[in-house]
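Written below as structure tokens is the structure these notes are about.
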Amino acid sequence: MVSWHRLNGQAWWMLGVICLASFLVMGHAAFAANTEKSAPDLGPTMRFVVVRSSAPGCEPTCPEWISAEGSIEAGTPALFKRTLKGLGGRKLPVVVDSPGGNVEAALALGRLLRKNKLDIAVGKTRFTGCQPDAKDCKENDGKGARYFGNAYASGAICNSACPLMVAGGIRRVVGHWAHLGVHQITTTYIRTKLQYRTTYRVVRGILSKKIVGRKNAGSYKTYEMSKSVEKRLAAYLNEMGVGLAVLETMKNTPASSIQQLAPYDMLQAKLVTSLDAVDLLTAPTLCNTDPVVANCREIPAPAGDVMAYAKSAPAAPGEPETAQRADVGDMRFVLVRGRSFLCDPNCPEWISAEGMISAQTPERLRQLLDTIGDRRLPVVINSPGGHVLGALAAGRLIRERKLDVAVARTDFIGCEPDKADCAAKDGVYVGLTIDASGACGAACPIMLAGGVRRLVGPRAQLTVHSIGLEQRVKTYLRDMAVGPGLLAAMQSVPASRHRQLEPERMLKIGLTTGLGSADEFTGPTICKSEPMPENCRVVSTSEVQAEAPVKL
């Protein structure tokens, strides 16, 4: 019996990788959605970096998160697994910013998130010190973490395949200033010509068959979702507890465009679990709770640097609190206008009040109010406290002008008031309010009590302790129709400590007038209500177009 070989060629159709890339090219034809040379590239592959908050005053215990930025490719899940392995079981939230990419990889990432019980938010990370792409950077050496930064929502995107990744998170948040969009799937089929070497035996027939050549014989694309792919995606979304409305929107949106989902629609479809922004998972105030959240980590002060995390000294009993924190300046007041596709050209405006309350605070507030005439804008306050007499006077001025007050931080877009090269257009800055980053402590609740409507959201933090001047504070609170429970809560805590008040407690003692957050005064959709709030102002369409950020 003689063994012999025959070389034969056969053409086979093989299903390529399914991608969501719309108008972008990913390099190899199997991963492309558009083969035109003019199509833009999706950009760098997603990289994962563990980041520690660089927010002033959060040390020694600060929140940390995983920054995930870039396009999703076939090897991305393996990179994510490597990052999770390096955490040793710690559960850090993921902050993602991605134009999309490989669907199979996005599904794998979503399942990894769910398996490890991780939260996710759409956002960007602004790094301080060493940057992820910098080589041999030693600026952060000895600080206990490789990368430091701040997470923010403005301009962040999660398009195409990225929402499938987001669906895997336990808590899933996409703030009003972030963008999440979907569209139809592009499937690329690659035709490959294979050559086999087949070994035969005269009696027993074929013994072995081996591929010895592979040649690309062309490819073609379809821009409609096949029934099998639709079934798989529906099963995945059902597995993650997300409604099929997301899948329907994908099917109904051409691959050449992006359908941006409105926050309320995402909530209805259960793609997001709340209408919060990235601060819900990364705000430094998260680490002030007891017990602290899982993504907070304590790093002791460096040896020999005992003043590194020193706290400001409390005021002496019976005297106004005037101690100044080194990392917080005097309170400054600026006019802010929101910006969002949900409100343009009619967006809310407010007064941002951030910093330590000083003896000069009431006069600075009065000067700003004089510039806006009879307009009644809400005050959004973020302050660790300060001068008690200054807080009393500022509170009375707020009540005199019949202003509302809410506790939240204002995040500025493009132009920071404290920057020397920052010039606000017509004296008004652009920004958004972040409930989860808002704090109001010590003398700050006194200033808050002056508001007509007073709100402290469930994720903002309000703390009290003894501040002295009990009789004057008692008289003031009575004038503001705030119950004696607030003063009692203050007097029960030594000046060297602080006590956090829960939302229900603040409402019961009359410090707040409702359980809402700053969004009731500054949310992008409030200007669509009837009657329209007084702090909404229409600007011309040309102004909006000139100032609006580029939508991706």
Side-chain angles (χ1 to χ4, degrees), residues 46-53 55 58 61-69 72 76-77 79-81 83-98 106-125 147 149-153 156-158 161-180 236-237 239-243 246 261 263 266-267 269-289 291-297 434-437 457-461 517:
M46 183 174 284
R47 55 109 179 97
F48 299 96
V49 175
V50 177
V51 188
R52 182 175 179 83
S53 174
C58 81
T61 306
C62 295
E64 298 181 343
W65 61 91
I66 300 170
S67 169
E69 298 192 8
I72 301 171
T76 302
L79 296 176
F80 189 41
K81 284 183 180 179
T83 300
L84 295 180
K85 185 176 181 180
L87 292 174
R90 291 188 65 211
K91 296 185 182 302
L92 301 187
V94 176
V95 177
V96 65
D97 178 56
S98 172
L107 297 178
L109 289 168
R111 289 194 167 100
L112 282 171
L113 287 166
R114 187 59 59 92
K115 178 182 178 181
N116 290 276
K117 299 180 180 180
L118 304 182
D119 301 326
I120 189 167
V122 176
K124 291 175 175 284
T125 298
Y147 298 104
N150 292 292
Y152 62 100
I157 62 170
C158 179
C162 177
L164 297 173
M165 173 184 175
V166 168
I170 299 298
R171 287 189 293 173
R172 309 177 290 275
V173 295
V174 183
H176 290 291
W177 303 91
H179 305 277
L180 183 145
Y236 170 80
L237 293 174
E239 175 189 346
M240 299 303 163
V242 176
V246 175
L261 301 185
M266 287 187 277
L267 186 64
K270 298 181 181 179
L271 181 58
V272 299
T273 53
S274 72
L275 293 179
D276 296 281
V278 63
D279 292 72
L280 176 67
L281 309 179
T282 62
T285 52
L286 294 172
C287 301
N288 295 335
T289 59
V292 298
V293 298
N295 64 310
C296 291
R297 182 168 68 97
I434 308 296
D435 177 36
S437 294
R459 294 176 183 84
Q461 185 182 64
S517 70

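Heads up: numbering here begins at 1 and tracks the sequence. Values below: every heavy atom of this structure, side chains too, minus hydrogens, waters and symmetry copies.
A heavy-atom distance below 4.5 Å is not found between the side chains of R172 and M266.
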Requested in this report: Give the C-alpha distance, both sets of side-chain angles, the deciding distance and a yes or no for side chain to side chain contact (heavy atoms under 4.5 Å, CB included) between V173 and V272.
Outcome: CA-CA 5 Å; V173 295; V272 299; 5.9 Å; no
Query - Check against side chain to side chain contact (heavy atoms under 4.5 Å, CB included), T125 and W65 - result: CA-CA 10 Å; T125 298; W65 61 91; 3.2 Å; yes
Query - Criterion disulfide (SG to SG under 2.5 Å) on C287 and C296, from CA distance to verdict - result: CA-CA 6 Å; C287 301; C296 291; 2.0 Å; yes
Query - Pair V166-V96, side chain to side chain contact (heavy atoms under 4.5 Å, CB included): steps then yes or no - result: CA-CA 8 Å; V166 168; V96 65; 4.2 Å; yes
Query raised in the report: Given L87 and I66, is the side chain to side chain contact (heavy atoms under 4.5 Å, CB included) satisfied, shown in steps?
Result: CA-CA 10 Å; L87 292 174; I66 300 170; 3.8 Å; yes
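When all heavy atoms of A178 and V122 are compared, the closest pair comes out as CB-CG1, 3.8 Å. Contact detail for K270 and V242: the closest heavy-atom pair is O-CG2, 3.6 Å. Between A106 and A161, the shortest heavy-atom distance links the atoms CB-O, 3.4 Å. When every heavy atom of L237 is checked against every heavy atom of G243, the shortest pair comes out as CD1-O, 4.4 Å. Residues S98 and M46 approach most closely at CB-CE, 3.7 Å, considering heavy atoms.
Between R171 and the options T273, D119, D276, a side-chain hydrogen bond (donor to acceptor under 3.5 Å, both in side chains) holds for only D119.
Atom CG of L109 is separated from atom SG of C162 by 9.5 Å, given to the nearest 0.5 angstrom. Note: I120 CD1 to M165 CE = 4.0 Å, rounded to the nearest 0.5 Å. A distance of 12.5 Å separates OG1 of T61 from CG of L286, quoted to the nearest 0.5 Å.
In this view, R114 satisfies the salt bridge (charged side-chain N to carboxylate O under 4.0 Å, His left out) rule with no residue, not counting sequence neighbours. Applying the salt bridge (charged side-chain N to carboxylate O under 4.0 Å, His left out) criterion to E69, with sequence neighbours excluded, gives R47. Judged as a ring-ring contact (aromatic ring centres under 6.0 Å, His included), and not counting sequence neighbours, the contacts of F48 are F80.
Checking side-chain atoms of R52 against main-chain N and O of R297 turns up a donor-acceptor pair under 3.5 Å. Judged by distance alone, the side chain of K91 and the main-chain N or O of N116 form a donor-acceptor pair under 3.5 Å. Without hydrogens or angle criteria, T282 side chain to V278 main chain gives a donor-acceptor distance under 3.5 Å. Of the possible polar contacts, one joining the Y236 side chain to the L164 backbone as a donor-acceptor pair under 3.5 Å is found. A donor-acceptor contact shorter than 3.5 Å is absent between the side chain of D97 and the backbone of G123.
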